[in-house]
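The structure appears right after this line, and notes come after that.
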Amino acid sequence: MPVGTAASVKGVLHRNLREDVGAQIILANTYHLYLRPGRDVLENAGGVHRFSSWDGPVLTDSGGFQVFSLAGCRKITEEGCRFSSHIDGSKHLFTPENVIDTQRIIGADIMMAFDECPPGNAPFDYASRSLELTHRWLERCFGRYRATAPKYGYAQSLFPIVQGCTYPDLRVKSAEFVQQFDADGYAIGGLAVGEPAPVMYNMIEVVNAILPAGRPRYLMGVGTPVNILEAIDRGVDMFDCVMPTRNGRNGMLFTSEGVINIRNEKWKNDFSPVDPAGCCFVDTVYTKAYLRHLAISGEMLAAQIASMHNLAFYMWLVQRAREEIAGGGFAAWKREMVEKLSRRL
RNA sequence: GGGAGAGUACCAGAGUGGCCAAAUGGGGCAGACUGUAAAUCUGCUGACGUACGUCUUCGGUGGUUCGAAUCCAUCCUCUCCCA
């Protein structure tokens with residue numbers, strides 16, 4: 001997902017993030033043209049393409065998750081991670097140091113530490129050793145981070161990532177460890193990677209009881225609208241996820257009334273708006289029946305509309321969450337929304 | 001008028017005596033997708049039954065055979081070539 005969203009109202013403003021944090025944070029490698037048509041220009045910075053016209057914060061991932069999803073054609077060592085390109089077989093090496101260098105070049109406002117993301121069912125022994133490695137890598141990331149300067153005249157933050165799989169004591173250990181770096185924000189990684197949702201929620205609670213409430217807490221790679229509301233309820237401020245765009249491309253719509261598989265025949269003659277909440281112009285310009293027709297016909301426009309809708313819906317959801325938090329009605333609103341959002345239409 | 005060929009499930013299209021309820025693709029129906037190797041992947045798709053299974057299908061009809069989508073006869077329809 002291109003857009004991350006700072007959701008909570010509690011103290012997420014800090015020196016590197018603009019006042020409108022809580023609006024949008026864009027990952028550098030994705031489709032922000034969906035959001036800001038006409039504003040993006042691709043330029044080459046130090047051999048790396050960078051979007052220069054986006055005026056919101058840019059967040060880049062380190063490649064830690066790629067390493068995780070590459071399992072099979074990669075080798076993790078103390079030095080870093082060697083892997084082969086699935087495209088041409090060429091060999092590459094990610095290290096905590098070169099990953100920081102790359103993110104500097106891209107010009108990310110928020111850079112992520114290089115970590116190992118073990119699977120959700122990792123045994124304790126492996127999880128523990130992995131965590132130690134991630135912590136050693138984190139020290140190296142900050143070493144390089146402090147030894148280098150921002151490249152484009154504005155500050156670049158580096159967020160550590162709390163790991164520890166599904167083991168509360170490892171999570172506690174990690175959450176305590178990362179604070180020594182006095183970072184601008186902290187990420188929670190290694191969740192929604194196969195473990196049951198209640199376990200994920202529990203880990204968030206464990207970690208957020210330790211991470212400073214005055215700095216953004218970023219839950220990486222999560223998730224469904226319900227996941228996000230549950231995480232906000234547990235003190236998470238920022239998210240990013242492929243779900244609204246990938247699932248959108250594959251015909252799944254998240255709406256204020258529930259989840260829709262737009263390819264289902266039941267929408268064939270449904271000429272109602274995509275989402276009555278109307279979070280985005282596509283919701284009211286297009287009907288479910290038309291969107292279904294486009295999806296069934298394999299038209300690219302279906303993927304575009306669905307992605308736009310889902311992104312707008314996610315933005316709408318966290319916008320509403322902020323309002324409810326500010327107004328003191330979050331708990332009740334969340335209960336109601338979780339019920340709705342769990343619905344399959 | 002003469003000659004050649006073809007008709008198979010929703011569509012296209014394999015199959016040319018038993019291993020065929022019938023390959024494959026499309027379409028249809030559903031599901032999956034969580035720090036993007038993903039405009040992707042998976043399942044089902046004649047009827048009835050959870051299932052072992054049973055029944056009805058390969059243009060129509062009638063034959064040959066223990067057995068036919070496959071062989072024969074005939075009818076119908078379509079395509080192409082020559083006049």
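Order of the sequence lines sets the chain letters (A, B, ...), proteins ahead of strands, with each chain counted from 1. Since this is a predicted model, take the numbers as computed values, not measurements.
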How far does the [atom1] atom of [N] sit from the matching atom of [M], given to the nearest Å?
N: B:G13; M: B:A69; atom1: C1'; result: 14 Å
N: B:C29; M: B:G62; atom1: P; result: 38 Å
N: B:U70; M: B:G59; atom1: C1'; result: 15 Å
N: B:C75; M: B:G3; atom1: P; result: 15 Å
N: B:G28; M: B:C33; atom1: C1'; result: 22 Å
N: B:G53; M: B:A21; atom1: P; result: 11 Å
N: B:U61; M: B:C76; atom1: C1'; result: 10 Å
N: B:G27; M: B:U36; atom1: C1'; result: 29 Å

Over all strands shown, is [X] touching base, sugar-phosphate only, or nothing at heavy-atom distances under 4.0 angstrom?
X: A:D115; result: base
X: A:I161; result: base
X: A:M112; result: nothing
X: A:E195; result: nothing
X: A:G190; result: base

Residue matched to [N] through Watson-Crick or wobble contacts both under 3.5 angstrom:
N: B:A39; value: none
N: B:C48; value: B:G53
N: B:C33; value: none
N: B:A12; value: B:U24
N: B:U79; value: B:A4
N: B:G67; value: none

RNA chain B: 5'-proximal contact among A:G298 and A:C117 (nearest heavy atom): A:C117

For the pair made of [atom1] in [X] and [atom2] in [N], what is the distance, rounded to whole Å?
X: A:L291; N: B:A39; atom1: CG; atom2: P; result: 17 Å
X: A:N261; N: B:A32; atom1: CG; atom2: P; result: 8 Å
X: A:M220; N: B:U36; atom1: CE; atom2: C1'; result: 13 Å
X: A:L191; N: B:U34; atom1: CG; atom2: P; result: 14 Å
X: A:R344; N: B:A30; atom1: CZ; atom2: C1'; result: 9 Å
X: A:I305; N: B:A39; atom1: CD1; atom2: C1'; result: 13 Å
X: A:Y218; N: B:U34; atom1: OH; atom2: C1'; result: 12 Å
X: A:N264; N: B:G28; atom1: CG; atom2: P; result: 12 Å

Heavy-atom donor-acceptor pair, [X] side chain to [Y] backbone, under 3.5 Å:
X: A:R146; Y: A:C141; answer: no
X: A:N269; Y: A:A289; answer: no
X: A:R171; Y: A:T166; answer: no

Considering only heavy side-chain atoms of A:R249, the closest of B:A39, B:U34, B:G28 is B:A39

Counting only side-chain heavy atoms from C-beta out, which of B:G35, B:G28, B:U34 sits nearest to A:R292?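 That would be B:G28.
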
Base orientation of B:A37, syn vs anti, 90° cut from 0: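 This nucleotide is in syn.
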
Would you state whether a donor and an acceptor, one from the side chain of A:R263 and one from the base of B:G28, lie under 3.5 Å apart?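 Between B:G28 and A:R263, which were checked side chain against base, a qualifying N/O pair under 3.5 Å is absent.
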
Kindly say whether, by distance alone, the side chain of A:E265 makes a donor-acceptor pair under 3.5 Å with the base of B:G27? no

Short side-chain donor-acceptor distance under 3.5 Å, A:S157 and A:D184: yes

Establish, with yes or no, whether the OP1 or OP2 oxygen of B:U34 is under 4.0 angstrom from a side-chain nitrogen or oxygen of A:R246.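 So the side-chain polar atoms of A:R246 do come within 4.0 Å of the phosphate oxygens OP1 or OP2 of B:U34, strictly under.
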
Do the side-chain N or O atoms of A:Q304 get closer than 4.0 angstrom to the phosphate oxygens (OP1, OP2) of B:A39? no

Sole candidate of A:F313, A:W316, A:Y314 that passes ring pair (Phe, Tyr, Trp, His ring centres under 6.0 Å) when paired with A:F254: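 It is A:Y314; the other options fail the test.
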
Can you name the one residue among A:E78, A:R140, A:R82, A:R144 that meets side chain to side chain contact (heavy atoms under 4.5 Å, CB included) with A:T95? A:R140

Should the ring pair A:F94 and A:F83 be called parallel, tilted or perpendicular, given that the plane angle runs from 0 to 90° and is split at 30 and 60?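 Answer is perpendicular, since the angle exceeds 60°.
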
Classify the ring geometry between A:F181 and A:F142 as parallel (under 30°), tilted (30 to 60°) or perpendicular (over 60°).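 The arrangement is parallel - the two ring planes meet at less than 30°.
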
